[in-house]
Number of protein chains: 2
Amino acid sequence: MAFQKERSAGYLANQMARLFAKGLHERIRPLDLAPAQFMTLLALWDEDGLTQIELVRRLDVEQATMANTLTRMERDGLIERRANPEDGRSQAIHLTPRAKALRDPATAAARAQNAAALADFSEEERETFLALMRRAIAAMHKD
Amino acid sequence: MAFQKERSAGYLANQMARLFAKGLHERIRPLDLAPAQFMTLLALWDEDGLTQIELVRRLDVEQATMANTLTRMERDGLIERRANPEDGRSQAIHLTPRAKALRDPATAAARAQNAAALADFSEEERETFLALMRRAIAAMHKD
DNA sequence: CAACGATATATAGCTTGCTATGTAAACTGG
DNA sequence: CCAGTTTACATAGCAAGCTATATATCGTTG
């Protein structure tokens, strides 16, 4: 029996995630933001001054990935790394005024992208969809 | 109202796709395959001798992405690019014996990854999940 | 048939993801 | 107290995605 990619959850998940990222990227392009930067900002808008390790835990990416994303964000004037007087190893990540100002337009763009993707879903289907994704994520985390 | 990433379809889709890719990558590591190479092989196992443009259409990635993936696959002895005597611009992509031999173990690995992700889903939930992903993909394609 | 547009592929340059490894600071047990 | 482990971050190197642009061949049209 042939492997049908249209019936493979992994295949569909990859394609769907790329389309989400592409759509979001387009919508936030005027803000000069990239998707991973937006995701990082979400955590920092919620709580400024987090440490790199705390960001890694909240966003569930590898530490090296986060380090690189933060370097680009620092280069782009979105964050500042401040030394921690209590612990010479860690640094607190602080938002710049520019990053703070992006909160409303950026989250609006993300909401618009989610709405476009789920435009023809009923409210119940949206909830079901989110719940199923969370369950698949949890299952793979355990695995 | 705060933007909650746990309730964002795009955020969950990204995380889920990364976990699928990571899991698949681990399972096919003994075969010395990377996920995008596997995806490309799926199309070529189904029909050998496709052209780069045909692969781009079937897998829905950008032409430049496919060109680079094919270059790596050629380097790794998975494919051969053969000149097309009818059209000097295009090349037919042919599988090597090594790539042909990988079909069974690689698709088994992909099935195992899908099964792990959806382990605690009922049969009905699996169908629902695939259908919802297809609909989200279609909606973003139109957008 | 020559010029021009369309098509197929390649390349440059970037972001985001990963693994593996290095480095410095902090902690801990003997 | 200091040797060894753990922790926080950085760096190297790769795959895969993207946009933008170059190049070569094919087709078409005046």
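Proteins come first, then strands; the chains are lettered A, B, ... in the order of their sequence lines, and each starts at number 1.
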Practice task
Answer with yes or no whether the hydrophobic clustering places B/V56 together with B/L59; edges join I, L, V, M, F, W, Y residues whose side-chain heavy atoms lie under 4.5 Å apart.
Solution key: yes

Problem - Atom-to-atom span, CE of B/M66 to C1' of C/dT7 - whole angstrom - result: 17 Å

Problem - Side chain A/R98, main chain A/D76, donor-acceptor under 3.5 Å - result: yes

Practice task
Please list, chain by chain and in numerical order, all residues satisfying salt bridge (Lys or Arg N to Asp or Glu O under 4.0 Å) with B/K5, sequence neighbours excluded.
Solution key: none

Handout entry: Non-neighbouring partners of B/R72 that pass salt bridge (Lys or Arg N to Asp or Glu O under 4.0 Å), sequence neighbours left out
Key = none

Practice task
Enumerate the residue pairs fulfilling salt bridge (charged side-chain N to carboxylate O under 4.0 Å, His left out) with a member in residues 78-88 of chain B, sequence neighbours excluded, ordered by first and then second residue.
Solution key: B/E74-B/R81, B/E80-B/R82, B/D87-B/R89

Problem - Within 6.0 angstrom of A/E124 CD, more than 12 heavy atoms from elsewhere - result: no

Handout entry: Residue list, side-chain hydrogen bond (donor to acceptor under 3.5 Å, both in side chains) with A/S90, at least two apart or on another chain
Key = A/N84

Exercise for the section: Go through the structure and list residues passing side-chain hydrogen bond (donor to acceptor under 3.5 Å, both in side chains) with A/E127, not counting sequence neighbours. Expected result: B/R7

Problem - Rounded distance in Å - CG (A/L70) to C1' (D/dC9) - result: 10 Å

Problem - Side chain of A/V61 - closest among C/dA10, C/dC18, D/dG17 - result: C/dC18

Practice task
Whole angstrom is fine here: how far is it from CD in B/Q52 over to P in C/dT11?
Solution key: 11 Å

Problem - Beyond-backbone contact of B/I93 with B/M73, side-chain heavy atoms, under 4.5 angstrom - result: no

Practice task
Summarise protein proximity over nucleotides 1-7 of chain D in one line of letters, 5' to 3': B for base, S for sugar-phosphate only, - for none, counting protein heavy atoms closer than 4.0 Å.
Solution key: ------B

Handout entry: CD1-CG distance between B/I79 and B/L55, expressed to the nearest 0.5 angstrom
Key = 8.5 Å

Problem - Members of residues 90-102 of chain A that approach DNA chain D, where some heavy atom sits under 4.0 Å away - result: A/S90, A/Q91

Practice task
For the helix from C/dC1-D/dG30 to C/dG30-D/dC1, measure the angle between the helix axis at one end and the axis at the other, each built from five pairs, rounding to 10°.
Solution key: 0°

Handout entry: Selection: residues 19-44 of chain B, any non-hydrogen atom under 4.0 Å of DNA chain D
Key = B/A34, B/P35, B/A36, B/Q37

Practice task
Just call it for B/N14: base, sugar-phosphate, or nothing, with non-hydrogen atoms closer than 4.0 Å on any strand.
Solution key: sugar-phosphate

Practice task
Could you label the plane-to-plane angle of the B/F3 and A/F38 rings as parallel, tilted or perpendicular, counting under 30° as parallel and over 60° as perpendicular?
Solution key: perpendicular

Practice task
With sequence neighbours left out, write down each residue that passes salt bridge (Lys or Arg N to Asp or Glu O under 4.0 Å) with A/R27, or none if nothing qualifies.
Solution key: B/D143

Fill in the blank from the handout: A/Q63 atom CD is separated from D/dC9 atom P, nearest whole Å, by 8 Å

Practice task
May I ask you to verify if any side-chain N or O of A/T65 is less than 4.0 angstrom from the OP1 or OP2 atom of C/dC18?
Solution key: yes

Handout entry: Protein-nucleotide distance (A/N84, atom CG; C/dA25, atom P), rounded to Å
Key = 14 Å

Exercise for the section: In whole angstrom, give the distance that lies between atom CD of A/E54 and atom P of D/dC9. Expected result: 8 Å

Problem - Partner residues of B/R111 under the salt bridge (Lys or Arg N to Asp or Glu O under 4.0 Å) criterion, sequence neighbours left out - result: none

Handout entry: pair B/Q91-B/Q52: side-chain heavy atoms closer than 4.5 Å
Key = no

Fill in the blank from the handout: Output for pair (B/L12 CG, A/L132 CG), nearest 0.5 Å, gives 11.0 Å

Practice task
Compare all side-chain heavy atoms of A/H141 with those of B/Q15 and state whether any distance is below 4.5 angstrom.
Solution key: yes

Fill in the blank from the handout: Note: contacts of residues 71-80 of chain A with DNA chain C (heavy atom, under 4.0 Å) are A/R72, A/R75

Practice task
May I have the distance from B/R18 (atom CZ) to C/dT19 (atom P), rounded to whole angstrom?
Solution key: 11 Å

Completion exercise
Ranking C/dA10, D/dA12, C/dT11 by distance to the side chain of A/A64, first place goes to D/dA12

Practice task
Kindly say if A/R81 contacts the phosphate of D/dA10, meaning a side-chain N or O under 4.0 Å from OP1 or OP2.
Solution key: yes

Handout entry: Steps toward salt bridge (charged side-chain N to carboxylate O under 4.0 Å, His left out) verdict (B/E62, A/R18)
Key = CA-CA 11 Å; B/E62 293 301 318; A/R18 284 191 288 114; over 6 Å; no

Exercise for the section: Send over the distance from A/N68 CG to D/dC14 C1', rounded to a whole Å. Expected result: 12 Å

